[in-house]
Amino acid sequence: MGPLNLPRKISVLGSTGSVGVSTLDVLDKAGVEVEIAALVAGRNVEVLAEQAHKWRPALAVIEDERKLPELRERLAGTGIAVGGGPSAVLEAARADAQWVMSAIVGFAGLAPTLAAARTGAVIALANKESLICAGPALLRTAKLAGGAVIPVDSEHSAIFQVFSPANAGQVSRLILTASGGPFRQWTGEQMARATPDQALAHPNWSMGAKISIDSATMMNKGLEVIEAAYLFAMPPERIEVLVHPQSIVHSLVEYADGSTLAQLGPPDMRTPIACAFAWPDRLPWPAERLDLARSGPLTFEEPDLERFPALRLAKQALAAGGAAPAALNAADEAAVAAFLSGRMGFLDIARVVEGVLAAMAGRSFGSDDGDILAAAAEADATARRLADDVIGALMARV
Ligand SMILES: NC(=O)c1ccc[n+]([C@@H]2O[C@H](COP(=O)([O-])OP(=O)(O)OC[C@H]3O[C@@H](n4cnc5c(N)ncnc54)[C@H](OP(=O)(O)O)[C@@H]3O)[C@@H](O)[C@H]2O)c1
């Protein structure tokens, strides 16, 4: 094997989260030599400081400014520059890096991801909300700056690996696989009583809280349909969802001649992260290997749109276009937070999203070519306000 052409200077936005920690773990296990321009965390100053001691970034940033004095104290004498607050997060995103892992969770990841894209760095995109809220703008920005966006979501990484842009017109379907989440076999009545702990217990993947709840409602798959439509410029009617409880086939691309290509692997985010890091090369690291003889049967089934209405709501927002997906995302973020804090039930998450989309129906969401960022910010703020009203009304029921 010849020498690999790997990025030397990198940043990790959201380094203390599930994807951020996995990113540093892959680099560690692969033994690659990288210079870290910036590490960014939200509130977890302890883990950020530990990472900074080990990885020696030029800059370490904590978004929660109240934690800045503690970060400064923990990194005193190291020579590592520290920063706090949203403007410092943007400064870190703009730091001189060839490769940036975008792994902040939620709408909060959009501005830093765009800032990083403007530098022309390769963006390894885990923060799916950036694409949901401003997909066309983000992809255009990266392209104009001479960079690229490489998906990290395992399904999109799978498609990316078997999708040939030169043959995009000959693709007949993208098929996104979904584990079905912890409630795949639960009845509607059981789901109505589901607790946050039960919803957080994903059968195959260990992930942050927001995406775990989104997997339980299948809103995550809905968001991924939107993500795929933007990333691969595919009309929504050619994107399908297939439930595959073992999470081994990560997604499939069907071509016009009836040939279907898939990417397989054990459910471990470190593989798509390694792929995004080395692409188009392949990073040798001690990944668990797929052993199909021992993995047991692989099964597939149609998603149940009655019990998982989030899938339909996401497609509805995608069809509305412009900033409608940003409104969907904001309503979902607010609803997930309300469920996790015990303010409402599990099935209320989709009710809140549906209520917000209904309240916003008929509004103009702008177009994909207009000022999508301003439209996304406005749709986000309006949807959060409306979500608070719907959550309040749901809570007043009892
Ligand atoms: N986990 C997965 O397997 C997976 C798979 C596919 C896609 N994704 C996507 O990847 C993203 C990250 O997911 P995750 O599961 O890693 O989430 P997570 O474990 O909750 O981590 C989120 C990260 O973002 C940081 N953060 C939160 N708010 C922030 C803010 N306002 N400014 C700066 N940093 C902030 C957190 O910092 P603190 O912890 O320090 O507060 C943490 O480092 C999400 O968009 C998710 O949909 C995740």
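Computed from heavy atoms alone, side chains included, the values below leave out hydrogens, waters and symmetry copies. Indexing begins at 1, ligand by ligand and atom by atom, following the structure's order.
- S22 and D25 form no side-chain donor-acceptor contact under 3.5 Å, judged by distance and modelled atom types alone.
- In this structure, the side chains of I10 and V100 stay at 4.5 Å or more apart for every pair of heavy atoms.
- Between G106 and ligand 1, no N or O atom pair is found at a separation short of 3.5 Å.
- Taking the six-membered ring where the residue is Trp, F232 and H156 present parallel rings, their angle staying beneath 30° rather than reaching 60°.
- The protein atom (non-hydrogen) at minimum distance from atom 7 (C) of ligand 1 is D153 OD1, 3.2 Å.
- Of the candidates P112, G17, A103, S215, A103 brings a heavy atom nearest to atom 12 (C) of ligand 1.
- Looking at I211 against ligand 1, only its side chain comes within 4.0 Å, counting heavy atoms.
- Atom 29 (C) of ligand 1 has its closest protein heavy atom at I104 CG2, 3.7 Å.
- Atom 15 (O) of ligand 1 has as its closest protein heavy atom G208 N, 2.8 Å.
- Annotation for ligand 1: atoms under 4.0 Å from non-hydrogen atoms of A108 are 31 (N).
- Atoms of ligand 1 lying under 4.0 Å from any heavy atom of N127, numbered from 1 in the order shown and given with element: 45 (O).
- Summary of contacts: the protein heavy atom closest to atom 47 (O) of ligand 1 is K128 CE, 3.2 Å.
- A distance of 9.0 Å separates CG of L13 from CG of N127, quoted to the nearest 0.5 Å.
- With respect to E35 and R8, no salt bridge is recorded, no charged nitrogen being found less than 4.0 Å from a carboxylate O.
- Considering only non-hydrogen protein atoms, atom 13 (O) of ligand 1 sits nearest to V19 CG2, 4.3 Å.
- Between the side chains of K128 and N329, no donor-acceptor pair of N or O atoms lies under 3.5 Å.
- Of all the heavy atoms of E63, the ones lying under 4.0 Å from any atom of ligand 1 belong exclusively to the side chain.
- Checking only distances, V40 never comes within under 3.5 Å of ligand 1, N or O to N or O.
- Regarding atom 22 (C) of ligand 1, its nearest protein heavy-atom neighbour is V105 CG1, 3.7 Å.
- With a heavy-atom cut-off of 4.0 Å, K210 does not touch ligand 1 at all.
- With respect to atom 39 (O) of ligand 1, the closest heavy atom belonging to the protein is T16 OG1, 3.2 Å.
- Heavy-atom proximity to G14, at under 4.0 Å, picks out these atoms of ligand 1: 23 (C), 24 (O), 43 (O).
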TODO: Check the pair S247, N204 against side chain to side chain donor-acceptor pair (under 3.5 Å), reporting the backbone distance first and the verdict last.
DONE: CA-CA 7 Å; S247 298; N204 304 345; 2.7 Å; yes
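- By the criterion of a heavy-atom distance under 4.0 Å, both the backbone and the side chain of R43 are placed next to ligand 1.
- Ionic pairing of E50 and R74 is not present here: no N-O contact between side-chain nitrogen and carboxylate oxygen is shorter than 4.0 angstrom.
- Residue N44 has at least one nitrogen or oxygen atom sitting less than 3.5 Å from a nitrogen or oxygen atom of ligand 1, judged on distance alone.
- Ring centroid separation for the pair F346 and F183 comes in under the 6.0 Å cut-off.
- Across the listed options M269, H202, E46, E224, M269 owns the non-hydrogen atom lying nearest to atom 3 (O) of ligand 1.
- No continuous path of hydrophobic side-chain contacts links L252 to L311 [ILVMFWY only; heavy atoms under 4.5 Å].
- Using a 4.5 Å cut-off on side-chain heavy atoms (C-beta onward), Q161 and W279 make contact.
- With hydrogens left out, the protein atom closest to atom 37 (O) of ligand 1 is G42 N, 2.8 Å, a heavy atom.
- Salt-bridge annotation for D389 and R384: absent, with no side-chain N of the basic residue lying under 4.0 Å from a carboxylate O of the acidic one.
- Both the backbone and the side chain of A41 come within 4.0 Å of ligand 1, judged by heavy-atom distances.
- There is a path of hydrophobic side-chain contacts, each under 4.5 Å, that joins L24 to M101.
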